[in-house]
Number of protein chains: 2
Amino acid sequence: MHLGQISQLRSFNRAITRRIGALGNRFVGRDRPMAESRMLYEIGQQGQEVRRLRQRMALDSGYASRLLRALEHQGLITVAPLPEDRRARFASLTDAGRRELAETDRAADDAVADILAPLDPGRRARLTGVLAEAERLIEASAVTFETVAPTSREVAACLEHYYDELDRHFATGFIPPPSVAEEIAGLTPPSGWILLARLYDEPVGCGTLTAQADFGEIKRVWIAERLRGLGLSRRLLAELENVACVAGFSRLRLDTNESLAEAQALYRSSGYHEIARFNDNPYAHHWFEKRLT
Amino acid sequence: MHLGQISQLRSFNRAITRRIGALGNRFVGRDRPMAESRMLYEIGQQGQEVRRLRQRMALDSGYASRLLRALEHQGLITVAPLPEDRRARFASLTDAGRRELAETDRAADDAVADILAPLDPGRRARLTGVLAEAERLIEASAVTFETVAPTSREVAACLEHYYDELDRHFATGFIPPPSVAEEIAGLTPPSGWILLARLYDEPVGCGTLTAQADFGEIKRVWIAERLRGLGLSRRLLAELENVACVAGFSRLRLDTNESLAEAQALYRSSGYHEIARFNDNPYAHHWFEKRLT
DNA sequence: AATAATACCTGACTACAGTCAGATAAATGC
DNA sequence: GCATTTATCTGACTGTAGTCAGGTATTATT
């Protein structure tokens, strides 16, 4: 990696830290401890489960409890047991809490407006433009890949998006065969693997590897639309190949629909070459294979 | 201002905060309080005056003193009186302190490298590229303008750069006339004003306004090279016009050398029109005037 | 039905961040 | 020469952040 790139990123970090405010200044300034402000922010207008709050803020349960008690005492939130699991609790903003959050939000808007104000409209637009692009790249670099069990709710959510999208794109539409649920359920080593892409806690992509007679078959490669064009499909594919390699496969195969031109380009540029039909997938028009070294 | 721009910047801030590490995480992780780490960083390889450290970190003198004692006690720094003012003290790193700072630095490099690593080389270059541009724009937006006294050392530093640059650019070279020091010294209201541009504490530009018989004369408009192309000269000029307006001038005049094409373009696009020679400046080739409303 | 795990709470604690009220020594202004 | 200012230090203090060791109520597991 180029050393200049590292120092550039560090330099940028210094600049924005200095300008936007040393720490998470977006949470201070309403004469309330930062942790309380952040808690209010994380609870949000719709409220949130306490365990999710603890998880997202990485808090000790005792500390979290005390923060919630303090906000409750200030009349900003209410906390009630969840109906479906009365051990767990759900925190919601009161009207006063809503007002407080809106006020904090307005203050943050003002702080940001003060940063943009000195720039002329052209440079203002340019700054927001490059930051939008930088944000996407930074998010892309934060995406991680992990093999998960077929029972994962996150995978189910991804696959739902995936099938939905196929239905919209395929000229013939797409109806998942009834066998799909069973097929997914069988994707556990050594007969199958499911790879999940996550951006922080959010599932943003998936892909599966199925053990066939004498090759591995890659299917259901999907990346969330808002993260496309960032090279994540290629990384996901590479991760799947890595899983296949470790599992001892020497050949990988996959198929694709004629409507998915980008997917075909990805496979070709990743070392896959087109072969004859090897399965009876009625939605497939092209079949590919790659030998692993 | 466009509301989308504000939310874009806030969104970016969340993204980078999340990725780079909530607070100035570049200072933690060496199991040492953040304030001590930051102090080490601010002292730097060349050392620093204690009063400057206090100023830059905005610390209570008692707190600063304690931090320095702690670092001294750990054998990381030494603090000695300044020879020229034995009230003030100067903090320097010991060899151990130097090693510690280098180690912290390396850790920060590693953290940043981890962020860039998942991206392919093209996107990595693109990210650092857009962040470099964003950094310049953010710095530009942080520049402030202030009228200062002619005795200011900051102004002297700017003017030195300015004259140096004229000497390099003018076909004939440039030698400041002997009267210059006296002229600068006279720039106090109501006969003159000096405007200084600052980026945080650093002087990055200047401009002067001199009261003449029946007009105000703008001279010595200069912006540091590293901040050019960011619209700062235009802002500086506008600020000078503002000063002139408040002071009651109805006309402004200025001159410029033929070699300074950008300056001429700036003046024309800022409402100045070319007039006949109005002074005997031997280095001037163009003379401009603008009527203030 | 007994056991374990989960979600949360309380009390006691440590460490860090930051402030305030003086005190001292050196330099500056008159 | 004396008062004032500047730069720093010390002691005493408050509030926030965060941890740890238990405890209770509810749900899941066997």
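Chain identifiers are assigned alphabetically (A, B, ...) following the order of the sequence lines, protein sequences preceding nucleic acid strands; residue numbering begins at 1 within each chain. Predicted model only: the values in this text are computed from it and were never measured.
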Check your understanding: Tell me: CZ of A/Arg52 to P of C/dT6, nearest whole Å?
Key -> 14 Å

Review point. Closer than 4.0 Å, any side-chain N/O of A/Arg54 to the OP1 or OP2 of C/dC8?
Key: yes

Review point. Are A/Arg32 and A/Ser37 close enough that a side-chain donor and a side-chain acceptor fall under 3.5 Å?
Key: no

Review point. Do the side-chain N and O atoms of A/Glu100 and A/Gln74 include a donor-acceptor pair separated by under 3.5 angstrom?
Key: no

Review point. Would B/Gln48 and B/Arg56 satisfy side-chain contact (heavy atoms from CB on, under 4.5 Å), going step by step from the backbone distance to the final call?
Key: CA-CA 11 Å; B/Gln48 186 59 265; B/Arg56 275 167 63 164; 3.8 Å; yes

Check your understanding: Roughly how many Å is it from CE in B/Met57 to P in D/dT8, rounded to a whole number?
Key -> 14 Å

Revision key, fill the gap. Going 5' to 3' through nucleotides 16-23 of chain D and flagging B where a protein heavy-atom sits under 4.0 Å of the base, S where only the sugar-phosphate is that close, and - otherwise, we get SSSBB---

Review point. How about B/Gln45: does its CD atom have over 12 heavy atoms from other parts shown lying under 6.0 Å from it?
Key: yes

Exercise for review: Classify the angle between the aromatic ring planes of A/Trp222 and A/His161 as parallel (below 30°), tilted (30 to 60°) or perpendicular (above 60°).
Suggested key: parallel

Practice item. Can you tell me the distance, in whole Å, between the CZ atom of A/Arg69 and the P atom of C/dA7? Key: 17 Å

Check your understanding: Under 6.0 Å from the CD atom of A/Glu202, do we count more than 12 heavy atoms belonging to anything else shown?
Key -> yes

Check your understanding: Whole Å only: how far is the CZ atom of B/Phe90 from the C1' atom of D/dT8?
Key -> 16 Å

Practice item. Keeping the roles fixed (side chain from A/Ser92, backbone from A/Gly47), state whether a donor-acceptor pair exists under 3.5 Å. Key: no

Review point. So does B/Arg89 get a side-chain nitrogen or oxygen closer than 4.0 Å to the phosphate oxygens (OP1/OP2) of D/dA7?
Key: no

Check your understanding: Once you round it to whole Å, what is the distance between P of C/dA7 and CZ of A/Arg56?
Key -> 17 Å

Check your understanding: Which nucleotide in the list D/dT10, D/dA7, C/dC9 gets nearest to the side chain of B/Ser65?
Key -> D/dT10

Check your understanding: Below 4.5 Å, heavy atoms only, C-beta onward: do A/Ile194 and A/Thr147 meet side chain to side chain?
Key -> no

Review point. Does the ring of A/Tyr200 carry B/Arg18 above it, NZ/CZ under 6.0 angstrom from centre and within 45° of its axis?
Key: yes

Identify all pairs in which a protein N or O lies below 3.5 Å from an N or O of nucleotides 24-30 of chain C, and state each distance.
from, atom 1, to, atom 2, distance (Å)
C/dA27, OP1, B/Arg86, N, 3.2
C/dA27, O4', B/Arg87, NE, 3.4

